[in-house]
Amino acid sequence: GGGQYYNGSDSAGGFTSGEAAFVNNYNPAWSSWDGWSVSNTIDTTTAGFTNQYSAYTGGAYSGTQYGVYYEPFTLTSTVSWNTPMMVNGGYFTNTTYAALSMLNGDDFAKQFGGVTGNDPDWFLLTVAGMNENTVTGSVDFYLADYRFENNSQDYIVNAWTWLDLSGLGTVTSLKFDLSSSDVGDYGMNTPAYFAMDNLNAVPIPGTVLLLGSGLLGLLGLKRKRS
């Protein structure tokens with residue numbers, strides 16, 4: 001019924017899913033991690049850091065496991081591919097840890113909306129496309145938004161939500177950045193987590209073919225010389 005997770009404690013530095021490589025940074029001295037982990041935990045009620053691997057949906061979008069991202073302070077943890085890809089999109093949602101922190105506040109972070117509910121708080125995921133070292137574009141996705149005049153429209157994402165990333169064009173990697181209206185002396189107070197499932201990417205048509213025909217051309221030149 002869930003309750004397992006992989007957080008990189010084997011110091012592998014990440015994992016692959018399909019053709020995508022997910023970066024993970026693990027510090028054995030602190031038993032701490034950032035970047036990507038994999039989880040099938042389903043706890044939507046336990047608040048706090050001990051429940052950092054659960055999606056607020058109570059499970060995966062499909063199958064049993066999904067990715068959990070914890071934003072690093074230094075190294076940017078990415079999803080990357082060996083060949084250029086078109087990323088159609090993926091399903092995104094909050095973790096229980098972040099959602100309950102925003103909903104109720106905790107020792108480190110404020111309750112979104114404040115006491116009156118009128119505070120214009122927000123929690124934002126920005127997904128940037130990279131083609132080698134070139135930024136191809138970025139897409140914003142609000143994991144929570146309390147900026148509405150009518151407080152009844154304020155929301156914290158609690159369902160798997162499709163995010164269209166096709167506008168990023170041809171990419172070799174994706175970078176993820178979290179930001180929040182709740183910021184302190186040490187940066188963002190909102191727990192810097194989100195969950196992702198069913199990231200959908202396809203090789204750019206012709207990429208493999210072009211590479212193959214180029215190699216054939218080289219072989220042809222070599223044959224002519226001999």
Side-chain angles (χ1 to χ4, degrees), residues 2 5 15-23 35-44 52-71 76-81 83-103 112 121-131 135-148 152-181 190-205:
Y5 56 83
F15 54 90
T16 56
S17 177
E19 295 183 34
F22 292 77
V23 177
W36 288 99
S37 66
V38 182
S39 174
N40 67 3
T41 62
I42 55 177
D43 185 342
T44 61
Q52 60 177 319
Y53 300 101
S54 294
Y56 197 37
T57 55
Y61 174 75
S62 65
T64 57
Q65 59 187 28
Y66 52 90
V68 175
Y69 183 86
Y70 175 40
E71 184 162 83
T76 300
S77 292
T78 61
V79 176
S80 61
W81 294 268
T83 56
M85 305 292 275
M86 169 68 76
V87 182
N88 293 318
Y91 287 90
F92 292 82
T93 194
N94 278 296
T95 61
T96 301
Y97 179 26
L100 293 182
S101 171
M102 292 184 285
L103 191 63
F112 270 31
D121 287 308
W122 50 268
F123 183 36
L124 175 66
L125 167 64
T126 301
V127 184
M130 303 290 294
N131 191 342
V135 180
T136 64
S138 65
V139 176
D140 285 344
F141 177 66
Y142 282 89
L143 287 159
D145 195 348
Y146 277 56
R147 298 173 302 163
F148 299 95
S152 67
Q153 293 177 278
D154 295 345
Y155 66 86
I156 295 170
V157 172
N158 62 359
W160 287 107
T161 306
W162 175 258
L163 181 61
D164 183 349
L165 299 173
S166 60
L168 299 179
T170 303
V171 303
T172 53
S173 67
L174 298 176
K175 288 187 176 180
F176 302 86
D177 183 52
L178 290 165
S179 53
S180 168
S181 55
T190 309
Y193 293 77
F194 67 85
M196 181 178 76
D197 203 2
N198 284 36
L199 184 66
N200 182 294
V202 291
I204 298 299

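These numbers come from the heavy atoms of this one structure, side chains and all, not from hydrogens, waters or symmetry mates. One-based numbering along the sequence shown.
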Between atom CD1 of Ile156 and atom OH of Tyr142, what is the distance when rounded to the nearest 0.5 Å? 15.0 Å

Might you point out which heavy atoms bring Asn88 and Asn200 nearest each other, and give the distance in Å? ND2-OD1, 2.5 Å

Is any side-chain heavy atom of Thr136 closer than 4.5 Å to a side-chain heavy atom of Thr170? no

For Asp154, all residues meeting salt bridge (Lys or Arg N to Asp or Glu O under 4.0 Å), sequence neighbours excluded: none

Crowding at OH, Tyr5 (>12 non-hydrogen neighbours, <6.0 Å): no

For the residue pair Tyr193 and Trp36, is the inter-centroid distance of their aromatic rings smaller than 6.0 Å? no

Minimum heavy-atom separation for Ala159 to Thr161, with atom names? O-OG1, 3.0 Å

Tyr91 versus Tyr61, side-chain donor and acceptor atoms under 3.5 Å: yes

Once you round to the nearest 0.5 Å, how far does OG1 of Thr95 lie from OH of Tyr69? 13.5 Å

Just wondering, do Leu100 and Tyr56 contact through their side chains at under 4.5 Å, heavy atoms? yes

Partner set under salt bridge (Lys or Arg N to Asp or Glu O under 4.0 Å) for Asp43, not counting sequence neighbours: none

Is a side-chain donor-acceptor pair under 3.5 Å present for Thr126 with Asp140? yes

Please check this pair: side chain of Glu71 against backbone of Leu178, looking for a donor-acceptor N/O pair closer than 3.5 Å. yes

Would you say the side-chain atoms of Ser101 pair up with the backbone N or O of Pro191, donor to acceptor, closer than 3.5 Å? no

Side chain Asn94, main chain Leu143, donor-acceptor under 3.5 Å: yes

Can you check whether Phe123 reaches Phe112 side chain to side chain, under 4.5 Å on heavy atoms? yes

Is there a donor-acceptor pair under 3.5 Å between the side chain of Trp122 and the backbone N or O of Ser179? no

Nearest heavy atoms of Met85 and Ile204, plus distance in Å: C-CD1, 3.6 Å

Reported CH2-to-CD distance for the pair Trp81 and Glu19, which is rounded to 0.5 angstrom: 10.0 Å

Distance-minimising heavy-atom pair for Val68 and Tyr53: CG2-O, 3.6 Å

For the pair Thr190 and Ser180, evaluate side-chain hydrogen bond (donor to acceptor under 3.5 Å, both in side chains) and give the outcome as yes or no after the intermediate values. CA-CA 7 Å; Thr190 309; Ser180 168; 2.7 Å; yes

Of the non-hydrogen atoms in Gln65 and Asp197, which two are nearest, and what is the gap between them? O-OD1, 3.7 Å

side-chain contact (heavy atoms from CB on, under 4.5 Å) involving Val127 - partner list, sequence neighbours excluded: Leu125, Leu163, Leu165, Leu168, Leu174, Phe176

Can you tell me how far CE of Met196 sits from OG1 of Thr93, rounded to the nearest 0.5 angstrom? 13.0 Å

To the nearest 0.5 Å, what is the distance between CZ (Phe92) and CH2 (Trp162)? 9.0 Å

Give a yes or no on whether the backbone of Ser80 and the side-chain of Thr172 come within a donor-acceptor separation of less than 3.5 Å. no

Reported CZ-to-OG distance for the pair Phe22 and Ser17, which is rounded to 0.5 angstrom: 5.0 Å

Could you give me the CA-CA distance, side-chain angles and deciding distance for Phe141 and Val157, then say whether side chain to side chain contact (heavy atoms under 4.5 Å, CB included) is met? CA-CA 10 Å; Phe141 177 66; Val157 172; 4.1 Å; yes

Search all heavy atoms of Ala55 against all heavy atoms of Tyr66 and return the closest pair with its distance. N-OH, 2.7 Å

